[in-house]
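Because the structure is a prediction, the values reported are computed rather than measured. Counting starts at 1 for both ligands and their atoms, in listed order.
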Amino acid sequence: MKVAVTGGAGYIGSHAVAELLSLGHQVTVIDDLSAGHLAAVPESAVRFVRADIGDLGAMTKALDRQDALIHFAGLLSVGGSMKDPRSYFETNLVKGMTLLDAAKATAVRRFIFSSTCATYGVPHGPLTEDHTKEPVNPYGASKRAFEQVLEAYARIGQVRAIALRYFNDAGARRDGSLGEDHAHEEHLIPLALDAAAGRRPPLTVFGDDYETPDGTCLRDYVHVDDLARAHVLALEAVDRTTSPFTPINLGTGHGTSVRAVVQSVERVTGMKVPHSVGPRRAGDPPALIAVPERSRTVLGFEPAIPSIDEIVETAWTWRKAHPQGYSSAR
Ligand code: UFG
């Protein structure tokens, strides 16, 4: 298939591109490099279009004669969205609609969307895809709003879409070629690894008084290679789903506490993670754990790397080789 991938130079996007290429698909990476890394794009193996997804002319050119679109490009920081909500709706919703205009103009109907468990808000009961959607931050709200646009367009036959709602994406490509490199790192595993290596200040554990087994928050960590594979499965499934718009959770169904992640980092690195317990972080639900049933039945998805130690191991291998992220490679 000819597959266009927006945000293909980003963390999950670059892993999906690697997976697509390994299966023989022809890939066009569309990225403005505002957050992605050119070093994460195998330029000789893909067609690379440096452009903003809000540029209708560039998108129409880029999507010409493509069979499918996987849309990762977007803003992704929960905290950033609290400070600058407008940018989140501008990029994740309005520019996404421009991309849909380009998809219409070029008759690209298969649309796989990078969504998030932040669309649910604070969980009450099991997180199936039908759980209420009451996002508690503009990031989750902007992703949910775009899902609703996709659903409306799907109902009138313009697209067939799958929205993949990721839980906690983590780890790095097993062959060591790709990893996580955000300008402002906020995620637990990279921060804990860097704290262990003495490259960042000690970790603050955000609260240990939650009603969870050890008092710290539970999250469902999914390996980024597993997420990447799920996108390829979604491409294969999107023509045969019962509904033209299908949201699907991507998680393992198992929760790991912040303390358990810290212990895993200590086992894997053989070093202590200097840390202290601080106050809760605003907006953190005690537990976010997927009900992964639909990903099994609709996609045939089963995580290949479900153990937290293996996830942390891949992140550590990449981090050791790239202490400054992708700039270490140049
Ligand atoms: N945490 C700490 N200290 C830190 C960083 C994180 O204790 O320095 C804790 C958080 O409180 C949370 C857990 O580690 O309990 C995981 O935090 P991350 O920041 O790594 O990830 P989040 O669970 O906040 O974020 C995930 C996804 C987002 C999504 C969000 C929905 O990465 O895309 O869930 O709430 F929006």
query = Would you say Tyr221 has any N or O atom under 3.5 Å from an N or O of ligand 1, going by distance alone?
reply = no

inquiry  = Check for me whether the distance between the ring centres of Phe167 and His254 falls short of 6.0 Å.
reply    = no

task = State the atoms of ligand 1, each with its element, that fall below the 4.0 Å cut-off from a heavy-atom position in Thr116.
result = 29 (C), 36 (F)

query = For atom 32 (O) of ligand 1, what is the nearest protein heavy atom, given as residue, atom name and distance?
reply = His187 NE2, 3.3 Å

ask   = Counting heavy atoms not belonging to Lys272, are there more than 12 under 6.0 Å from its NZ?
value = no

ask   = Which is it for Thr128 and Asp130 under the side-chain hydrogen bond (donor to acceptor under 3.5 Å, both in side chains) test, yes or no, and what are the steps along the way?
value = CA-CA 5 Å; Thr128 65; Asp130 299 327; 4.8 Å; no

note = Any heavy atom of Tyr166 under 4.0 Å from ligand 1? The part involved is neither

NZ/NE/NH1/NH2 to OD/OE distance under 4.0 Å, Glu185 and Arg200 = no

query = Among protein heavy atoms, which lies nearest atom 3 (N) of ligand 1, and at what distance?
reply = Thr204 O, 2.7 Å

inquiry  = Closer than 4.0 Å to some heavy atom of Val78 - which atoms of ligand 1 meet that?
reply    = 36 (F)

message = Which heavy atom of Ser14 sits nearest to which heavy atom of Tyr326, and what is that distance?
response = OG-OH, 4.4 Å

remark   = Note: with side-chain heavy atoms under 4.5 Å as the link, the other cluster members for Ile30 come out as Val49, Ile53, Met59, Leu63, Leu69, Phe89, Leu93, Met97, Leu99, Leu100, Val108, Phe111, Phe113, Phe146, Val149, Leu150, Tyr153, Val159, Phe245

message = Tell me whether Leu188 has any N or O atom under 3.5 angstrom from an N or O of ligand 1.
response = yes

query = Looking at Asp284 and Arg219, does any basic side-chain N land under 4.0 Å from a carboxylate oxygen?
reply = yes

task = Among all protein heavy atoms, pick the one closest to atom 31 (C) of ligand 1 and tell me residue, atom and distance.
result = Ala118 CB, 3.7 Å

ask   = Can you list the atoms of ligand 1 that are under 4.0 Å from a heavy atom of Leu191?
value = 8 (O)

key: Carboxylate-amine/guanidinium proximity below 4.0 Å for Asp239 and Arg109   = no

query = Do the charged groups of Arg155 and Glu151 touch, with an N to O distance under 4.0 Å?
reply = yes

key: Candidates Asp209, Val277, Val258 - the one meeting side-chain contact (heavy atoms from CB on, under 4.5 Å) with Thr216   = Val258

message = At under 4.0 Å between heavy atoms, is it the side chain or the backbone of Asn137 that contacts ligand 1, or both, or neither?
response = neither

message = With heavy-atom distances below 4.0 Å as the criterion, list the atoms of ligand 1 near Cys217.
response = 15 (O)

note = Nearest heavy atom to atom 4 (C) of ligand 1, choosing from Tyr139, Tyr210, Phe206, Phe167, belongs to Phe206

request  = Select the closest option to atom 11 (O) of ligand 1 among Ile189, Asp284, Val205, Leu288, judged by heavy-atom distance.
outcome  = Asp284

note = For atom 22 (P) of ligand 1, the closest protein heavy atom turns out to be Asn168 ND2, 3.6 Å

ask   = Is it the side chain, the backbone, both or neither of Val258 that has a heavy atom closer than 4.0 Å to ligand 1?
value = side chain

task = For side-chain hydrogen bond (donor to acceptor under 3.5 Å, both in side chains), just list the numbers for Arg144 and Thr119, CA-CA rounded to whole Å, side-chain angles, deciding distance to a tenth of an Å, and then say yes or no.
result = CA-CA 5 Å; Arg144 175 62 188 151; Thr119 52; over 6 Å; no

key: Heavy-atom nearest option to atom 24 (O) of ligand 1, drawn from Arg219, Arg281, Glu186   = Arg281

inquiry  = For Leu203, which part has a heavy atom under 4.0 Å from ligand 1: side chain, backbone, both, or neither?
reply    = side chain

